[in-house]
Amino acid sequence: MKMFFKLSVASVSGAVVYLINNVNQTLRKGMGTLEETNKTLEEVRNAVHGLTQESKKLIHSANQITADVKGKMENVDPLLESAQDVGEMIHNVTNSMKEASLEGRPKNLSTPTVPSTRTEAEGVQIIIK
């Protein structure tokens with residue numbers, strides 16, 4: 001019986017050593033994985049930091065371009081307003097000329113007829129007042 005007891009203690013001891021060895025290997029693999037994860041996270045942080053810096057530069061450039069475009073638009077606005085004023089003046093002059101030309105004409109205008117033969121067309125004259 002003592003032999004059985006010694007054999008049992010030896011096998012339990014061997015099993016414990018085997019388990020400790022397996023746990024140790026698993027923990028080492030886990031530590032390696034954690035180290036790789038930390039490296040990856042550091043790379044991601046650096047990449048995000050770089051993108052953040054690039055984004056800030058891009059936003060700054062966009063703000064400068066927007067300010068430049070606004071300034072140019074403010075410079076062009078008076079020119080467009082002047083063009084609109086010129087267009088309105090031309091429209092007013094045209095209307096005035098149309099009204100002036102219609103004031104001297106008779107109210108009932110007749111349309112001239114086209115003569116049927118060439119000999120009649122040679123003697124017709126249209127007079128515009």
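Given the structure is predicted, the values throughout are model-derived calculations rather than measurements. All values below come from the heavy atoms of this structure, side chains included, with hydrogens, waters and symmetry mates left out.
Test N95, V93, T94 against H91 for side-chain contact (heavy atoms from CB on, under 4.5 Å) and you get one pass: N95. When the options N21, N22, I20 are evaluated for a side-chain contact (heavy atoms from CB on, under 4.5 Å) with Y18, the one that passes is N22.
Linking ILVMFWY residues whenever their side-chain heavy atoms come closer than 4.5 Å, directly or via other members, leaves M97 and M89 in distinct clusters.
Here the straight-line distance linking atom OG of S8 with atom CE of M1 works out to 10.0 Å at 0.5 Å rounding. The NZ atom of K57 sits 13.0 Å away from atom CD1 of I59, with the distance rounded to the nearest 0.5 Å. Separating the CG atom in D85 from the CG atom in L80 is a distance of 11.0 Å, to the nearest 0.5 Å.
A 4.5 Å side-chain heavy-atom check between E54 and L58 finds every atom pair outside the cut-off. N38 places none of its side-chain heavy atoms less than 4.5 Å from the side chain of E42.
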Worked verdict on L7 versus M3 for side-chain contact (heavy atoms from CB on, under 4.5 Å): CA-CA 6 Å; L7 212 64; M3 185 64 134; 5.6 Å; no
Pair H49-Q53, side-chain contact (heavy atoms from CB on, under 4.5 Å): steps then yes or no: CA-CA 6 Å; H49 182 68; Q53 295 300 324; 3.4 Å; yes
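Using a 4.0 Å cut-off between charged nitrogen and carboxylate oxygen, K39 and E36 do not count as a salt-bridge pair.
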